[in-house]
Amino acid sequence: MVNVLYFAWVRERIGLPKEQVETTAATVADLVSELKEREERYALAFSDLTALRVAVDQELTDFDAPLSGVREVAFFPPMTGG
Amino acid sequence: MVNVLYFAWVRERIGLPKEQVETTAATVADLVSELKEREERYALAFSDLTALRVAVDQELTDFDAPLSGVREVAFFPPMTGG
Amino acid sequence: MQIVVQEQPFDVGDRLNQFSASRTDMGAVVSFTGIVRQVDGKLSDMMIEHYPGMTEKALTSIAEDAVSRWSLGDVLVVHRYGLLAPGEVIMMVATMSRHRADAFAAADFLMDYLKSRAPFWKKERTADGNAWVAAKDEDEDALNRWQTP
Amino acid sequence: MQIVVQEQPFDVGDRLNQFSASRTDMGAVVSFTGIVRQVDGKLSDMMIEHYPGMTEKALTSIAEDAVSRWSLGDVLVVHRYGLLAPGEVIMMVATMSRHRADAFAAADFLMDYLKSRAPFWKKERTADGNAWVAAKDEDEDALNRWQTP
């Protein structure tokens, strides 16, 4: 079980800020594949991975990051702080 | 007749901040030569021109600047603003 | 090092004065203030979303990186989230150092990293509709300035 | 453009707040504050001498140069002279621009030129005696960064 968080337009497209996901995915990319299978809104949100960033346990990482032992995965567009 | 101003350690060595000088010097360098002739304290203050800067009518310039029509000449060490 | 993430407005001048007064052995203080910019009178407001928890970690990590790269007396980062009107302060950074070069470089570095590596997202509401502010390629490129070979 | 040369202390925070609030179409404000730095507890005070008349002209000319090089909303320079104690503010510059790169570069530029081209001289009084602060070669070298080829 992993907490999945969505921010900005990813949150808007998927329609919720956070959910618990039952998964055995080995990597972030595997988790994304599982989510895309679920519903159209997920497929839409994850249609272009180059437009997305991912954080695992609140650290920015890549889509090939392993999910073993991970509590929290977040998907969001490129950040615009400052 | 030109107003000659001295700042920082140039002022201290010469012993006054400002004086009126009767001169027919063509350039700043000529004026410096005249001043050095006057007294030991002037010779001392102007002994190393590379350690000095000059402004003519409140604009930074070089020692070969002409003095024709000039009202004010200032001598000082390199500036340390900020 | 002071990292503050908050919804409520803050006074940049007060913050900067406090920061500057905290040390007497530092000769140089640089600050950057980011303000919601009015564009052609069209912007109604800006909603800033962030990632609570990760935001504080990311800002701390960026500030620690700055402290390791330059000789700094202290670093301050204050960043707001929530709804902001045009003219309101979004965030500030301040750096202090003995001599000016370190404080300037560190503030510049902090802003480049904050821009692309701190988890904030901005949505602008204008007369023409609402839109998420897109990240700029030039902001990502700016990070290359700080790569050590 | 605001150029102020004065003997009395001033409040950097207040000045910066006023400066920042004067425009709503600018998203970035950078400030630099120069402070009398305490060194090993030895400095009693600093006397800053300047060249009245030329100082204002030189500061204005440097600020105009910055305005011609970058896209700036406004420039502020405040510089004190007279007797200052450790911890007191000597001077500040502030710049504002739409995007951060201009404000950063302009503030950096202003400081480099102020350092070597504005007619101020500093004398430090310490336990070991009094001495004029010497100009540094690196400050003169810093000006080369801004030469356009």
Side-chain angles (χ1 to χ4, degrees), chain A residues 1-21 23 27-29 31-32 35 41-82, chain C residues 3 5 31-37 46-63 77-81 84 89-93 107-124 130-143:
Chain A
M1 194 79 96
V2 63
N3 286 312
V4 183
L5 282 68
Y6 309 109
F7 292 98
W9 59 254
V10 183
R11 172 180 55 69
E12 290 177 339
R13 286 196 195 167
I14 291 176
L16 79 178
K18 189 173 181 171
E19 60 185 322
Q20 287 209 318
V21 176
T23 181
T27 66
V28 172
L31 174 63
V32 168
L35 291 169
R41 57 196 167 106
Y42 288 94
L44 187 69
F46 290 108
S47 59
D48 177 11
L49 291 191
T50 66
L52 290 184
R53 300 292 178 268
V54 60
V56 163
D57 284 342
Q58 306 190 351
E59 291 276 355
L60 208 60
T61 185
D62 298 313
F63 283 86
D64 55 5
L67 284 189
S68 163
V70 161
R71 286 160 299 132
E72 189 169 302
V73 178
F75 297 102
F76 41 78
M79 296 158 274
T80 53
Chain C
I3 309 292
V5 181
S31 79
F32 176 90
T33 312
I35 298 166
V36 181
R37 188 162 69 88
M46 175 183 275
M47 175 58 101
I48 302 181
E49 184 171 334
H50 81 121
Y51 184 171
M54 179 172 168
T55 306
E56 293 78 1
K57 281 186 196 173
L59 295 178
T60 301
S61 157
I62 292 166
V77 180
V78 187
H79 206 303
R80 292 181 62 193
Y81 59 88
L84 282 79
V89 169
I90 301 169
M91 53 78 63
M92 73 176 289
V93 303
D108 203 359
F109 168 91
L110 286 168
M111 286 311 304
D112 278 355
Y113 272 84
L114 262 154
K115 207 81 188 172
S116 306
R117 293 292 180 269
F120 291 96
W121 302 273
K122 294 170 181 157
K123 190 174 198 173
E124 291 178 341
N130 304 344
W132 290 99
V133 174
K136 291 180 199 152
D137 288 344
E138 67 196 64
D139 284 330
E140 193 63 32
D141 294 346
L143 299 185

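Chain letters run A, B, ... following the sequence lines, proteins first and then strands; every chain starts at 1.
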Problem - Heavy atoms of other groups near Glu59(A) CD, more than 12 under 6.0 Å - result: no
Problem - Over 12 non-hydrogen atoms of neighbours within 6.0 angstrom of CG in Asp137(C) - result: no
Practice task
Using a cut-off of under 4.5 Å on heavy-atom pairs, state which of Pro119(C), Ser61(C), Ala58(C) scores highest against chain A.
Solution key: Pro119(C)
Practice task
Drop me the distance from Thr55(C)'s OG1 to Met79(A)'s CE, to the nearest 0.5 angstrom.
Solution key: 10.0 Å
Practice task
Give the minimum heavy-atom separation between Thr80(A) and Val133(C), together with the two atoms involved.
Solution key: CG2-O, 3.6 Å
Completion exercise
Listed by number, the residues in residues 3-17 of chain A that come under 4.5 Å of chain C (heavy atom to heavy atom) are Leu5(A), Tyr6(A), Phe7(A), Ala8(A), Trp9(A), Arg11(A), Glu12(A)
Handout entry: Proximity breakdown for Lys123(C) and chain A, heavy-atom pairs closer than 4.5 Å
Key = side chain
Problem - Reported CZ-to-CZ distance for the pair Arg117(C) and Arg53(A), which is rounded to 0.5 angstrom - result: 7.5 Å
Exercise for the section: State, to 0.1 Å, how close Gly81(A) and Phe120(C) come at their nearest heavy-atom pair, and which atoms those are. Expected result: CA-CB, 3.8 Å
Exercise for the section: Check each atom of Lys57(C) against the heavy atoms of chain A and say whether the ones under 4.5 Å are side chain, backbone, both or neither. Expected result: side chain
Practice task
Verify side chain to side chain contact (heavy atoms under 4.5 Å, CB included) between Met54(C) and Leu60(A), making sure each step is shown before the conclusion.
Solution key: CA-CA 9 Å; Met54(C) 179 172 168; Leu60(A) 208 60; 4.3 Å; yes
Fill in the blank from the handout: Checking heavy-atom separations under 4.5 Å from chain C, one finds in residues 66-77 of chain A Glu72(A), Ala74(A), Phe76(A), Pro77(A)
